Amino acid sequence: MLEENKLEENVIQEDVQPVPETIMQEEPQPVQEPVVQKKPKKERKLLKSALGGLVFGLCAGVVFLGIAFIGQKTFLKDKDDREVVLETTATVDENEVSAMDEPEAAPSNTIAQITQNCMPSVVAITTKNIDEIRSFFGMQQYESEGAGSGIIVGKNDTELLVATNNHVVTGAKEVSVCFNDSEDAVVTAQVKGSDASKDLAIVAIPIDDISDEILSTIKVAVIGDSSKVQVGDQVVAIGNALGFGQSVTTGIISALDREVEIDDLDVKLFQTDAAINPGNSGGALLNMKGELIGINSAKFASELVEGMGYAIPISTAQPILDNLMNRETRELAGDEAGFLGVSVQDVSEDATEHYGIPKGAYVESTEEGGGAANAGIKQGDIITKFDGISITGATDLSGMIAYYKKGEQVEVTYMRSDNGVYQENTVTVTLTDSKQAKESKKEADRETEEDRGGQEIPEEEYPGEQYPGEGYEMPDMDEMEEFFRYFFEN
């Protein structure tokens, strides 16, 4: 046993040899590699063979997977079944943004960088409307165009989803979206849903209508946290100002939680001195990390002031936009449009402020046999929601109904006064045929005239401009008519 231990000690001593002095005297090398004993040639050949086999196997596997992937894309997948993955706008990490006590460490994003990064998520929106104007020759229709902006906020399996302001698209007969500020990148869109009380809307564009070239250049905006915004924070606004194309303005947050009483808007706003002009509505308000913190609205612009723009905080807008994005996308019903069977007017600001009358569409009259009358809606009721979407006036209601077909059942919410106290009611209304309703009214008027032996309908039963009697003159406005004109018109 002692001899074996001595042999082991001799082996260990032989393995650990002192470094020769000649090596110590050599000039130092840039990188000192550890001395590795060479393995026998036989072991090296086996190692090379094993490594070669491993590399060959990996290469063969990669080539096989590549061929299978290309084959699947080329031969097994339908051309129209595209799996679209959109890039999102980049943001600066919070750790990269300097604190107030470290002024030397500035944020890495400049305004130019934010513009370059976030511009692909902002689009221009163009609308076509049909306006009815009363003239000496009766009601005349005119086509008009509007311009606004939008922000790409998401997509589903079939649609690209763009957020904008309700007033940009309300009542529009046609909606077009322009990507990348290019006339060659214009696509037809549909209004998916809107909320007039918050001035928000979602526009949907079929992905199949968007080319691969456009899809490769657009981005989805990154949503920020507007609750963390402070007065004095620097911001960047991007939008289709005056309809001339995308432009950029910058400024600071001037104030928080501004309540601006205009056009029935029920939301607290950011105030900024970044220029927000007509056409900027629906555009992006971004922080210096490139995150979306607000949706701009030029609805509150005034020629009397400068440096006062407004934006809807994204934390307020996001729950509403999420709800609108999940709605069914509808096309204008056209000749198939349903008929609610009501004549409505707007409720004025004075009526709301002084008499507590709710905002909505005031029911001036109902059509006998119409959907509203059949559901129990009466004159004097105020319609506040249609299919779950807030209604702030007659235009909102007529714009909504245009997307629903006859025979559809829709939930309608209205307020009814009970001794001066308004109670909310919700009923299910079956929309009737608008053409049939008009024909029925004409037939009823004709029968009424025949019952009178062909005599003209008395003025009190056929009031206003529609009275067909010869030599008829417009009556003076009596007190009741004056009351309704004052409180229930724009």
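This one's a predicted model, so the numbers in the text were calculated from it and none came from an experiment.
Between L269 and Q271 the shortest side-chain heavy-atom distance does not fall below 4.5 Å. Taking 4.5 Å as the limit, every side-chain heavy atom of Q379 sits out of range of all side-chain heavy atoms of V342. Considering only heavy atoms from C-beta on, D181 stays 4.5 Å or farther from M119 through its side chain. In this structure the side chain of T366 never reaches within 4.5 angstrom of the side chain of D381, judged on heavy atoms. No side-chain heavy atom of T158 sits under 4.5 Å from any side-chain heavy atom of D208. Considering only heavy atoms from C-beta on, I253 comes within 4.5 Å of L285 through its side chain. Counting only heavy atoms from C-beta outward, the side chains of L160 and F179 approach each other to under 4.5 Å.
Partners of E368 under the side-chain hydrogen bond (donor to acceptor under 3.5 Å, both in side chains) rule, at least two apart in sequence or in another chain, do not exist in this structure. Contacts of N166 classified as side-chain hydrogen bond (donor to acceptor under 3.5 Å, both in side chains), with partners at least two apart in sequence or in another chain: S194. Under the ring-ring contact (aromatic ring centres under 6.0 Å, His included) criterion, Y404 pairs with F386, not counting sequence neighbours.
The two residues D233 and K228 make their nearest non-hydrogen contact at OD2-O, 4.3 Å. The shortest non-hydrogen separation linking S297 to H167 is OG-CE1, 3.6 Å. The two residues I295 and L321 make their nearest non-hydrogen contact at CD1-CD1, 4.0 Å. In terms of heavy-atom proximity, T384 sits nearest to K359 at CG2-O, 3.5 Å.
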Dump the intermediate steps for side-chain contact (heavy atoms from CB on, under 4.5 Å) on L256 and F270, then the final yes or no. CA-CA 5 Å; L256 307 174; F270 285 151; 3.5 Å; yes
I would like to know whether D225 and S315 meet side-chain contact (heavy atoms from CB on, under 4.5 Å); could you show each step before the answer? CA-CA 6 Å; D225 185 356; S315 296; 3.6 Å; yes
Determine whether E367 and T432 satisfy the following criterion, side-chain contact (heavy atoms from CB on, under 4.5 Å), listing intermediate values before the conclusion. CA-CA 11 Å; E367 198 74 33; T432 55; over 6 Å; no
Run the side-chain contact (heavy atoms from CB on, under 4.5 Å) test on L161 and K155 for me, step by step, so that the C-alpha distance in whole Å, both residues' side-chain angles and the decisive distance to 0.1 Å come before the verdict. CA-CA 5 Å; L161 303 173; K155 61 174 282 296; 5.5 Å; no
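Counted by atom type alone, N156 and E159 present one or more donor-acceptor pairs between their side chains at under 3.5 Å.
Side-chain atoms of D346 come within 3.5 Å of backbone N or O of A394 as a donor-acceptor pair. Between the side chain of N323 and the main chain of P319, no donor-acceptor pair closer than 3.5 Å is present. With hydrogens and angles disregarded, a donor-acceptor distance shorter than 3.5 Å links the side chain of D273 to the backbone of I252.
Heavy atoms from other residues, nucleotides or ligands lying under 6.0 Å from NZ of K385 number 12 at most.
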